[in-house]
Amino acid sequence: MTLASRLENLGTETAFAVSLAAAEWTARGNRVYPFHLGDMNLPTPDNVVDAMNKAIADGRTGYCPAAGIPELRAALAADIGDARAMPLEPANIVVQPGGKPVITKFIQSLMNAGDGVLYPNPGYPIYESQVEYFGGRPLPYRYHETPTGFAIDLDHVRELAASGARALIYNNLQNPLGCESTPQEMQAIADIAAEHDLSVLSDEAYFEMRYSGESTSIASLPGMADRTVILYTFSKKFAMTGWRLGCAVAPVAVAEAIAKLNTNDESCTTHFVQAAGVEALRDPSGAAALLAELRRRRDATVDALAAVPGMRCARPDATFYVFPNATEAMTMTGHTDVGEFATAALHETGVSFCTRRHFGRPFDGETEQYVRFAYSGIDVDDITEGLGRLGEWIGSS
Ligand SMILES: Cc1ncc(COP(=O)(O)O)c(C=O)c1O
């Protein structure tokens, strides 16, 4: 068989290769501290599990509407609308098997081949993969490090938007950077979108994963609801990464197009999983306990990293990632290649993490080196022990 040539344009999540290396190192009898994957080692709240079991027992095992069961669409419209202070109807909601499918369905419904699409770099790698797969023109935009985290290079966004972009992907509460926009930065992105008539995908996978302050959706800014599709997911908020449940929030005409794509792709999202989603939104108390644990881990990670020689990072208010600058740590350990540095860290200390390169092609002239630690899949004691080892290795090199 000959594979279709368009597959040459399909990317992937190269971070999975880091998992493989970590698994191999473990299989050889070594201790591994897993900071590499954005998965969670926390259980889904009991009420959600019970609701799914009941839905199966009740026979909710058949096909259901492509756009989602009416009670879930209604619950999502109310919940997402409340949290973002924007009026939403069930007709704006199209249920999906996870948040990720919203990326491809946004691109399939709003981008023509040859259209330019702006997206963050460093950023979630699936944006670039899907833009290129469907024949779009990739327009990655930069961030720069600030004393409190990272900020979007707005001049870069303006310059790229002026080159004839059609769409913009915006991930506030950002993976991998852990950063969020100031109100001014978000408004500037909205202004650019309006000026260039861009369709916007607002990836809000981490909207609720925050430890202080409040999240704002760019879709709630004046004039933005009509040009924005929100990616919403149950994955992180309810520790439901493997359940595959999320939705697109979109203007009705776009929602209908996305529902048609659903019919063509998966027919519908698993019926009994949707019933469990209704219960998660009805009683979200389990999500608060998850967040409290993640906050302990955030503090343990940032505190331990502060003691690692040659690494510096801010204390993010949101997500479950930190993205330290590791330039000096690499110099101290004699590495110029960030991939080799990560491999050496795994072999010397068992600490496994991703690097900047897993989140898009570095821009010409990038001199600083960064790595990403995810603390969603590792307990506080292991965080402290693992990063302690990392610090000893770097300090004694
Ligand atoms: C920024 C971002 N968007 C989307 C997703 C996909 O979420 P889901 O697992 O719900 O498909 C992730 C998952 O890690 C993510 O980090």
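Just follow the structure's listing: the first ligand is 1, and inside any ligand the first atom is 1.
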Mind checking whether Tyr206 has a heavy atom under 4.0 Å from ligand 1?
yes
Is a salt bridge present between Arg31 and Asp382, judged by a nitrogen-to-oxygen distance below 4.0 Å?
yes
Hydrogens and angles aside, do Arg210 and Ser215 bring a side-chain donor and acceptor to less than 3.5 Å of each other?
yes
Is there a nitrogen or oxygen of Gly99 sitting under 3.5 Å from a nitrogen or oxygen of ligand 1?
yes
Linked, directly or transitively: Val254 and Phe134 (ILVMFWY side chains, under 4.5 Å):
yes
Atom 14 (O) of ligand 1 - nearest protein heavy atom and its distance:
Lys236 NZ, 2.7 Å
For the aromatic rings, using the six-membered ring if either is Trp, is the centroid distance between Phe359 and Tyr321 under 6.0 Å?
no
Go through the side-chain N and O atoms of Tyr370 and Glu145 and say whether any donor and acceptor fall under 3.5 Å apart.
yes
Is there a donor-acceptor contact under 3.5 Å linking the side chains of Thr44 and Trp243?
yes
Examine ligand 1 and decide if any of its atoms is less than 4.0 Å from a heavy atom belonging to Asp203.
yes
So for Arg244, does at least one of its heavy atoms come nearer than 4.0 angstrom to any atom of ligand 1?
yes
Nearest non-hydrogen protein atom, atom 7 (O) of ligand 1
Lys100 N, 4.1 Å
For ligand 1, is any non-hydrogen atom under 4.0 Å from Asn171's backbone (N, CA, C, O), its side chain (CB onward), both, or neither?
side chain
The closest protein heavy-atom partner of atom 6 (C) of ligand 1 is Tyr124 OH, 3.5 Å
